[in-house]
Amino acid sequence: AVDDAVGEPDESIEVSLQANSTYAMGTSTGALTLVDDEPHVTIVATGASVPEQGPGQAEFTVTRTGLTGSALSVNYSVGGTADAAEYSALTGVVVIPAGAPSNTILVTPADDAEGEPDETVEISLLGSSDYWVDSPSTASATIIDDEPWVSISASVSSAGEPSTNGEFTVTRTGDLTNSLIVDINVNGTADPGIDYVAIPDTVIIPASLPTAFILVDVINDSQGELDKTVTVTLRPRFDYYLAGTTAASVTIVDDDPFVS
């Protein structure tokens with residue numbers, strides 16, 4: 001074998017004898033494997049999730065096989081759904097020190113006040129003549145957002161004249177220490193001030209509580225009409241993330257005769 005300085009997968013050589021009338025054939029094929037002596041490198045996420053506000057860091061471990069007498073620089077690229085501003089800058093190179101089989105890449109989240117989905121940081125090893133990139137060559141870690149996630153449901157979806165009220169429930173996840181203002185839009189076929197008491201365009205979830213309620217206070221009348229709806233839609237804000245169901249409806253059933 002000829003030694004080279006190129007990282008590559010192990011390779012095989014197969015020799016097959018060809019039949020000839022001058023000799024008898026026994027085993028006709030033989031094979032050997034040339035084992036590459038350059039290191040093979042892999043990556044795993046050994047700390048696969050981290051809260052945005054800390055403490056801690058997401059951790060990736062890059063491991064090499066073979067001889068460890070010299071330091072080895074391994075190149076990588078960074079992707080995922082998280083923007084570069086969401087975590088501390090990464091260099092694109094991790095150096096495995098002489099005498100060590102591995103080294104880590106640490107990702108420190110940058111805490112912000114913006115409600116957003118959990119985001120990922122994905123690191124992929126890049127090839128080099130100094131090593132061979134083996135599998136797994138890509139790993140991913142998740143930055144868990146610390147702002148609340150907000151959703152809505154119609155907890156009493158059927159209201160009716162003369163006095164059966166409807167109700168929406170707005171729910172948040174995460175830290176309950178402080179109150180949270182949630183912006184809403186109210187529409188539907190029912191008219192505020194005529195079919196129900198007008199609903200403000202914000203709802204406040206009190207401190208220490210995960211939910212707040214929006215009352216659909218029905219106004220009774222003597223007019224025969226079709227059933228009507230009240231729809232509440234959550235509006236986005238910087239300090240929470242809209243997740244799950246973001247709109248819900250309550251039906252107001254009329255109790256007066258309707259002639260058609």
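What's counted below: heavy atoms across the whole structure, side chains too, no hydrogens, waters or symmetry copies.
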Can you find a heavy atom in the side chain of V156 that is under 4.5 Å from one in the side chain of V250?
no
Is there a side-chain contact between L176 and L209 (heavy atoms, below 4.5 Å)?
no
Do E86 and V121 come within less than 4.5 Å of each other through their side chains, counting heavy atoms only?
no
Min side-chain heavy-atom separation S128-V74 under 4.5 Å:
no
Please tell me whether V186 and I252 are part of a single hydrophobic cluster in this structure, the criterion being side-chain heavy atoms less than 4.5 Å apart.
yes
Can a side-chain donor-acceptor contact be found between T46 and T61 if the only test is distance below 3.5 angstrom?
yes
Compute whether any side-chain donor of one residue and acceptor of the other, for T229 and T189, lie under 3.5 angstrom apart.
yes
Side chains of T42 and T63: any donor to acceptor distance under 3.5 Å?
no
Is there a donor-acceptor contact under 3.5 Å linking the side chains of S124 and T138?
yes
Side-chain heavy atoms of Y76 within contact of I43, under 4.5 Å
no
Are V107 and V78 connected into the same hydrophobic cluster when the rule is that any two of I, L, V, M, F, W, Y join if their side-chain heavy atoms are below 4.5 Å apart?
yes
If Ile, Leu, Val, Met, Phe, Trp and Tyr residues are connected whenever their side-chain heavy atoms lie under 4.5 Å apart, and connections chain through other members, are V50 and L90 in the same group?
yes
